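Numbered from 1 within each chain, the chains take letters A, B, ... in sequence-line order. Since we're looking at a predicted model, the values are computed, not measured.
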Protein chains: 2
Amino acid sequence: MTRTVIDKGEHLFRSGDAGDSLYVVRSGAIKTYVDSAEGEEQIRSFALANDVAGLDAVCGGVHRTGAKAISRTWICRLPLNAVRTRMAESVRFRDRLLIALDREFSRLHRLLDRERYTADRRVASFLLSRIEADATHSAAIELPMSRTDLARHLDLATETVSRVFTRLQGREILRSRGTRCEILNTEALRTVA
Amino acid sequence: MTRTVIDKGEHLFRSGDAGDSLYVVRSGAIKTYVDSAEGEEQIRSFALANDVAGLDAVCGGVHRTGAKAISRTWICRLPLNAVRTRMAESVRFRDRLLIALDREFSRLHRLLDRERYTADRRVASFLLSRIEADATHSAAIELPMSRTDLARHLDLATETVSRVFTRLQGREILRSRGTRCEILNTEALRTVA
DNA sequence: CGCCACCTTGATCCCCTTCAATTTCAGTGG
DNA sequence: CCACTGAAATTGAAGGGGATCAAGGTGGCG
């Protein structure tokens, strides 16, 4: 287990790379993405503090997404060969990896759920997932990604995301300033999603 | 390993069921789906002959999709507990399961790729995936699902799917009749996708 | 032959994208 | 501390692709 730092914009791994490790974000944030045919990034996940990245390569050994830092990020690296051998030896360790893989499947299915959602609903369900992911379940969440990145994660135009935020602020559901986003009315947000 | 038959519309398993088995389709076809908030099925996969179903429960033990037969279908059932114990014992067996899981991840990521696609492109990429899945790579593919099911898989309205097929037939790219679909010009189809 | 489900076709509408113009903000240097 | 600068975010106007609504058409099967 080793620790590293990567600067904003730098890659943790690229699509197609051999995936020989799992990564845990200690602080900062990274995004995983694929390049669409049109050359723009389609973002598949954000990994904030305590999130795991690199699970997409556990089964096949090859990353199918790239991962780069959104801001300066501290990372713990767990070599996969150690993970694999310990999986064969220890049932408890195997189960833990299975749980992580199950979460990854859930995450992808949740992304697919969003496909028929309206723009408002997409943003709302994203914000709710961020609240739930936050251990404190506090009403304020950190959104370190740019509006553009958020848009490319939700499959919307940047302008649309911006308009949805404006609309939600007008309805007093949230207050957004920079990377900080206060949820003023979680119930109302839930009715949107 | 046991064999069963299920009739059109019958469930192989339901969302939330304990997932204690993997299933291989011998003949016929099944669809896996989730119920959207609006109550209509969103179809996550079609399993035709030789396809595997039930992988979504391997890691967590619970199905996150339902599965029902599109037509009368013959199924092979492989109990998962046998799979799991053999996974701990045999490295070769473990690797085989990892490969299956990797394919499942790839499949979900391919579904996510389609999110920004136009209607034409969605249909085209679906047809191409069916051609590639076909062992013979023949120019004729079997589409046992209804237009409605196809639409709910591609996240389009039934009418839109119908219109795309009409358009592609007008351009002499394919000829569709009932469940049979002949691809007349694979290259042209590839430029659409 | 006739019923019913499924598919196709047409007309209209709406949400989101696109294009274009400001405005805001973070970072930099005077 | 404030002016400068480029990137990012916001706001506005217009256009388009697919959804929806509404009829017909087609085919399988009793």
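For the OP1/OP2 pair of D/dA9 and a distance below 4.0 Å, the side-chain nitrogens and oxygens of A/T158 include no atom meeting the criterion. Between A/S146 and D/dA8 there is no side-chain N or O to OP1 or OP2 distance below 4.0 Å.
Side-chain contact check for A/R72 versus A/V5: some heavy-atom pair is nearer than 4.5 Å.
With rounding to whole Å, A/Y117 atom OH is found 17 Å from D/dA19 atom P. As a whole-Å value, the separation of A/E159 CD from D/dA7 P is 17 Å. Note: CZ (B/R152) to P (D/dT20) measures 11 Å, nearest angstrom. If you take CZ of A/R177 and P of D/dT10, they are 12 Å apart, rounded to a whole angstrom. Rounding to whole angstrom units, CD1 of residue A/I70 and C1' of D/dA8 are separated by 15 Å. One can place CG of A/L143 at 11 Å from P of D/dA9, the figure rounded to the nearest angstrom. Distance B/L154 CG to D/dA19 C1': 15 Å, rounded to the nearest Å. Note: CZ (B/R121) to P (D/dG17) measures 15 Å, nearest angstrom.
The residue A/D120 sits apart from the nucleic acid: no heavy atom pair falls under 4.0 Å. As judged by a 4.0 angstrom heavy-atom cut-off over every strand, B/D149 is placed among residues making no nucleic acid contact.
For A/R163 against D/dG12, a side-chain-to-base donor-acceptor contact under 3.5 Å is present.
At a threshold of 4.0 Å, the pair B/R152-A/E115 does not count as salt-bridged, since none of the basic side-chain nitrogens sits closer than that to a carboxylate oxygen. Salt bridge absent: B/R116 and A/E38 never bring a charged side-chain N and a carboxylate O closer than 4.0 Å.
End-to-end axis angle of the helix from C/dC1-D/dG30 to C/dG30-D/dC1, from C1' rotation axes over five pairs per end: 40° (rounded to 10 degrees).
Nearest-nucleotide assignment on DNA chain D puts the 5′-proximal partner with A/M145, out of A/M145 and B/L156. Residue-to-nucleotide proximity on DNA chain C shows that, of B/S176 and B/R116, the 5′-proximal contact is made by B/S176.
Judged purely by atom type and a 3.5 angstrom limit, B/Q42 uses its side chain to pair as donor or acceptor with the backbone of A/L112. Under the 3.5 Å distance criterion, the side-chain polar atoms of B/E182 are left unmatched by any main-chain donor or acceptor of B/A139.
In this structure, A/R167 places its CZ atom where more than 12 heavy-atom neighbours from other residues, nucleotides or ligands lie under 6.0 Å away. The environment of CZ in B/R180 is crowded: more than 12 heavy-atom neighbours from other residues, nucleotides or ligands sit within 6.0 Å.
Counting only heavy atoms from C-beta on, B/A157 has its side chain closest to D/dT20 among D/dT20, D/dG18, D/dG27.
Here the range on DNA chain C touched by chain B, meaning any atom under 4.0 Å from one of its heavy atoms, is C/dC7 to C/dA11.
A cation-pi arrangement is not found for B/R64 relative to A/F105, the charged atom failing to lie both closer than 6.0 Å to the ring centre and inside a 45° cone about the ring normal.
If you check the side chains of B/R190 and B/S125, you find no donor sitting under 3.5 Å from an acceptor.
Using cut-offs of 30° and 60° for the angle between ring planes, the B/F126 and B/F46 rings count as perpendicular.
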